[in-house]
Amino acid sequence: MRQELIHIALVVRDYDEAIDFYVNKLNFELLEDSYQSEQNKRWVVIAPPGSKGATILLAKATTAQQEECIGKQTGGRVFLFLCTDDFWRDHENMLKQGIEFVRPPSEQDYGTVAVFQDLYGNLWDLLQLKPEHSVASRFLD
């Protein structure tokens, strides 16, 4: 049996501002942006550069309840984990793009990590796993 997580929905205020942030500041790839007429919404899918794993579906909030969740889908905990093959390269590039880091880089048993926030305040880990970490082989393959 084989199963994979394909999309993670990220509730956003506006499709275009979210695309601008993720594509132009984080260098993500825009994989799809199509209009779904039957639901009167766009299907917007992005992914980190070179990623072959799960993608992010940018889901525009359409109700007051959904709008309240923008930026706090996990109640203030780190929500997404962006694994990189070169922490310091990506950290420097993100700083140049004005990305706000809320926790500075640190060396941990599992690798190098820093916490940044996206345009809505969602917290992300930028991390480079040590090669011996149990999940690193899934990323490095």
Suppose the criterion is ring pair (Phe, Tyr, Trp, His ring centres under 6.0 Å): which pairs have a residue in residues 54-86, not counting sequence neighbours? none
Side chain to side chain contact (heavy atoms under 4.5 Å, CB included) with [X]: which residues, sequence neighbours excluded?
| X | value |
| --- | --- |
| S134 | none |
| R42 | Y15, D16, I19, D33, Y35, V44 |
| P104 | none |
| L119 | E17, F21, Y22 |

Clusters formed by hydrophobic residues whose side-chain heavy atoms approach within less than 4.5 Å: which one holds M1, and what are its other members? none
Which hydrophobic side chains are connected to W43, either touching it within the sub-4.5 Å cutoff or through other members that do? L31, V45, L57
According to a hydrophobic-cluster definition based on side-chain heavy atoms being under 4.5 Å apart (Ile, Leu, Val, Met, Phe, Trp, Tyr only), do [X] and [Y] belong together?
| X | Y | value |
| --- | --- | --- |
| Y110 | L123 | yes |
| L30 | L80 | yes |
| V102 | L126 | no |
| I8 | V115 | no |

Side chains of [X] and [Y]: closer than 4.5 Å at any heavy-atom pair?
| X | Y | value |
| --- | --- | --- |
| D125 | L82 | no |
| Q117 | N122 | no |
| S106 | T112 | no |
| L26 | M94 | yes |
| V12 | Y120 | yes |
| T55 | F28 | no |

More than 12 heavy atoms from other groups under 6.0 Å of CD1 on I6: no
Just wondering, more than 12 heavy atoms not from E38 lying within 6.0 Å of its CD? yes
Among side-chain atoms of Q65 and T63, is any donor-acceptor pair under 3.5 angstrom? no
Applying side chain to side chain donor-acceptor pair (under 3.5 Å), which residue pairs with at least one partner in residues 66-78 are found, sequence neighbours left out? T62-Q66
What residues form a side chain to side chain donor-acceptor pair (under 3.5 Å) with D20, not counting sequence neighbours? N24
Which pairs pass salt bridge (charged side-chain N to carboxylate O under 4.0 Å, His left out) with one or both residues in residues 94-123, sequence neighbours excluded? none
Residue pairs fulfilling salt bridge (charged side-chain N to carboxylate O under 4.0 Å, His left out) with at least one residue in residues 3-12, sequence neighbours excluded: R2-E4
Which atom names give the shortest non-hydrogen contact between R89 and D86, and what distance separates them? N-OD1, 3.0 Å
Closest contact, heavy atoms only, A61 versus I70: CB-CD1, 3.8 Å
Applying ring-ring contact (aromatic ring centres under 6.0 Å, His included) to H91 and not counting sequence neighbours gives F87, W88, F101
Output the distance between atom NZ (K60) and atom CG (L58), rounded to the nearest 0.5 Å. 12.5 Å
